[in-house]
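Inspection log for the structure reproduced underneath, given as structure tokens.
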Amino acid sequence: MVAGDIVLTGLMAVLLVGIAALLTRIENWRSYTPLAGGGTATGETVVHREKPAGIIRWLTTVDHKDIGMLYGLYAIIAFAVGGIMAFLIRVQLVTPGGAILGNNAYNSILTSHGITMLFLFGTPIIAAFANYFIPLLIGADDMAFPRINAIAFWVLPPAALLIWGGFFLAPVTDNMIEPARTAWTMYTPLSVEQTNPGVDLMLLGLHLSGVGATMGAINFIATIFTERDSDVSWANLDIFSWTILTQSALILFAFPLLGSALVMLLMDRNLQTTFFAVEGGGPLLWQHLFWFFGHPEVYILVLPPMGLVSLILPKFSGRKLFGFKFVVYSTLAIGVLSFGVWAHHMFSTGMDPRLRASFMAVSLAIAIPSAVKTFNWITTMWNGRLRLTTPMLFCIGFVSNFIIGGVTGVFLAAVPVDLILHDTYYVVGHFHYIVMGAIGFATFAGIYYWFPVFTGRMYQRTLGKAHFWLSMVGTNLTFFAMLALGYLGMPRRYATYQFDGAIAPLAQVTTFHQLATVGAVILLVGQLIFVWNLVQSWLEGPKVEDGDPWNLERDGMLDREFQWFDEQLEADEHERDPSLLADGGQEDQTDS
């Protein structure tokens, strides 16, 4: 049976290599033509200007703006799925005995929630902004490799189906295939010993999402290096592009390592290898490989949102970003240092104390460039002409939440504190202050700030501010309660907590769990308002008639993307097709 599987895998590999070789011969991957539509071995390229209509447009597009929209839709759907999972977790924990879920269902939802939010929402929503706006900001016509850009997106929907596959297949297979219950970290030996094929599906989905992220990273690096307009130098490259460039470099080093670890885990599960067995490489080998990817992944997720805030916050402060060069240097410093802190996730595994001390030192040091950014954001606002628009409110919320998330991380970087708080809800609270309180808030800031560019319409401002305040209150109530639960000793990943009072004061633990659940309800209401505002404004919102909807030119803060937006509006006025306009480079292109 095993020999047959190996032969079949080999044949599939040969087939895929053959297809790749054929496509390489007949297709020009930097062209804009449909598949086999003119890019040939002779080098002749026909540039087609007209886009097909309807669903065919979205299935075949290589326009960076369209692909950015596809990434955004995909990420918002994943955010909704992951958010519903989180809400179910909070409802379950409202009572010590568990309210609605059994242990297996709870563990399945807990596992999928983490993976969904990190891999299916976090990375794609950043790619949505980057795909749409990086070419506009640097004056490029499109991404360096438009087709690879499209492929990088289209591997993500199958990845999501594989990751969530157990939920769909459990009812039709009489629970022979179930959702994975490994937790999102997939620690061995648990992830090896679970015979459930749903785990294999999840691992394959993760691997596929990593392939897409890596292709996208290569494309962003090539685009920023080679496609900049002549007047865009490294000195005046915008801060968002700097953070995307750094993030892409981190992806190139981190995601292939995760892919290798996932392949080894799949082999341990299906081919009886011993990479992570006690008699082989050892169970801790998985933790080293996973966290060597996993901690840079945190900065892969948070650096571009930092870039968004660094770009948007000055616009509504009426002054340029304070200490621009130091913000860039701190971005690069975080990128380098992020690969030297992975073992602070493993302080309690019994590693050599000298190693623990060195990882503690680097983990404390990486807080310095983050603090540099924070003080620069605050100083940018200091004595500025603040306008509390919805994007600005979310930027300010980002800064405040990031401070709480960052300071709690500094405590966890200290070995004596970590040994007490490791695997408690304190870690969950710290992490979610960064993931929801910072990354989520910066995402919302970007969506509201560029909503006129995306849609040509303006959102309902009152609903936008209601979304902010509900999100701010809900985030702090939920995750501050988790910090308190950690101090009380409440362990994470438990479906029930009916423990003896000698372990922890059960009444207080229950109260804080209930407060966290109330915060989750408030968060849910806020996100429902957000979705309603997004959809309703897109369909019926007031059309934007001015290419400077935020009045940025008054302070000299108008960037290239709004200049391009103004050109689009002028094209509409003259009844021309806006898709004929070059994105940021030259307007006239010749067919060849």
Side-chain angles (χ1 to χ4, degrees), residues 122 239 242-243 246-247 249-250 254 291-310 313 321-348 351 355-381 395-422 424 426-442 475-476 479-480 482-483 486-487:
I239 188 61
W242 273 111
T243 55
T246 307
Q247 181 221 32
L250 295 183
W291 288 118
F292 190 81
F293 150 81
H295 204 82
E297 166 69 359
V298 175
Y299 296 105
I300 286 169
L301 292 175
V302 82
L303 279 175
M306 288 176 169
L308 282 175
V309 171
S310 300
L313 186 141
L321 179 66
F322 179 84
F324 177 88
K325 287 185 179 179
F326 285 95
V327 177
V328 172
Y329 295 151
S330 66
T331 299
L332 300 175
I334 288 173
V336 173
L337 291 174
S338 67
F339 284 97
V341 299
W342 81 87
H344 69 214
H345 296 271
M346 303 171 60
F347 282 160
S348 62
M351 65 167 55
L355 279 178
R356 288 197 308 196
S358 63
F359 279 107
M360 180 179 75
V362 181
S363 299
L364 293 171
I366 204 170
I368 296 173
S370 298
V372 167
K373 292 178 182 295
T374 303
F375 286 120
N376 281 21
W377 293 325
I378 294 172
T379 309
T380 300
M381 291 186 286
C395 287
I396 295 171
F398 170 98
V399 175
S400 63
N401 291 334
F402 182 73
I403 290 171
I404 298 174
V407 168
T408 51
V410 170
F411 285 118
L412 288 172
V415 173
V417 179
D418 182 82
L419 293 178
I420 302 285
L421 297 175
H422 180 74
T424 69
Y426 186 91
V427 179
V428 182
H430 150 70
F431 184 65
H432 282 79
Y433 259 109
I434 298 297
V435 174
M436 179 61 197
I439 297 172
F441 273 52
T475 294
N476 281 276
F479 303 126
F480 202 87
M482 291 185 181
L483 297 177
Y487 280 125

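When a residue number appears, it is its place in the shown sequence, counting from 1.
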Side chain proximity check, [X] to [Y], heavy atoms < 4.5 angstrom:
X      : Y      : result
Phe479 : Val428 : no
Val372 : Tyr329 : no
Trp377 : Leu321 : yes
Ile368 : Leu337 : no

Give me the atom names and distance for the closest heavy-atom approach of [X] to [Y].
X      : Y      : value
Leu364 : Ala413 : CD2-CB, 3.9 Å
Ile334 : Tyr299 : CG2-CD2, 3.3 Å
Gly335 : Thr246 : CA-CG2, 4.1 Å
Val427 : Leu421 : CG2-O, 3.6 Å
Val399 : Thr374 : CG1-CG2, 4.3 Å
Ala254 : Pro296 : CB-CB, 4.3 Å

Where the side chain of Ser348 meets the backbone of Leu419, is there a donor-acceptor pair that is under 3.5 Å apart?
->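 No.
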
Under 3.5 Å: donor-acceptor pair, side chain of Asn376, backbone of Phe322 =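 Flag set: sc Asn376 to bb Phe322 pair under 3.5 Å.
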
Report the C-alpha distance between Leu313 and Met381 in whole Å, list the side-chain angles of each, state the deciding distance to 0.1 Å, and finish with yes or no for side chain to side chain contact (heavy atoms under 4.5 Å, CB included).
-> CA-CA 8 Å; Leu313 186 141; Met381 291 186 286; 3.6 Å; yes

Give, for atom [atom1] of [X] and atom [atom2] of [Y], the distance between the pair rounded to the nearest 0.5 Å.
X      : Y      : atom1 : atom2 : value
Leu483 : Tyr433 : CG    : OH    : 6.0 Å
Lys373 : Leu303 : NZ    : CG    : 6.5 Å
His295 : Phe339 : NE2   : CZ    : 11.0 Å
Ile420 : Tyr426 : CD1   : OH    : 12.5 Å
Met306 : Thr331 : CE    : OG1   : 7.5 Å
Ser363 : His345 : OG    : NE2   : 8.0 Å

Residues which pass side-chain contact (heavy atoms from CB on, under 4.5 Å) with Pro305, listed by chain and number, not counting sequence neighbours =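 If we apply the side-chain contact (heavy atoms from CB on, under 4.5 Å) test to Pro305, skipping adjacent residues, the hits are Ile126, Phe398, Ile439, Ala442.
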
For Ala343, check side-chain contact (heavy atoms from CB on, under 4.5 Å) against everything at least two apart and list the hits.
->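 Ala343: side-chain contact (heavy atoms from CB on, under 4.5 Å) contacts with Met351, Phe359.
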
Check the pair Phe347, His422 against side chain to side chain contact (heavy atoms under 4.5 Å, CB included), reporting the backbone distance first and the verdict last.
-> CA-CA 9 Å; Phe347 282 160; His422 180 74; over 6 Å; no

Evaluate the side chain to side chain contact (heavy atoms under 4.5 Å, CB included) criterion for residues Leu308 and Thr243: first the C-alpha distance (whole Å), next the side-chain angles of each, then the deciding distance (0.1 Å), finally the verdict.
-> CA-CA 9 Å; Leu308 282 175; Thr243 55; over 6 Å; no

Hey, is CZ on Phe480 packed in by over 12 heavy atoms from elsewhere, all under 6.0 Å?
->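 Count not over threshold, so no.
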
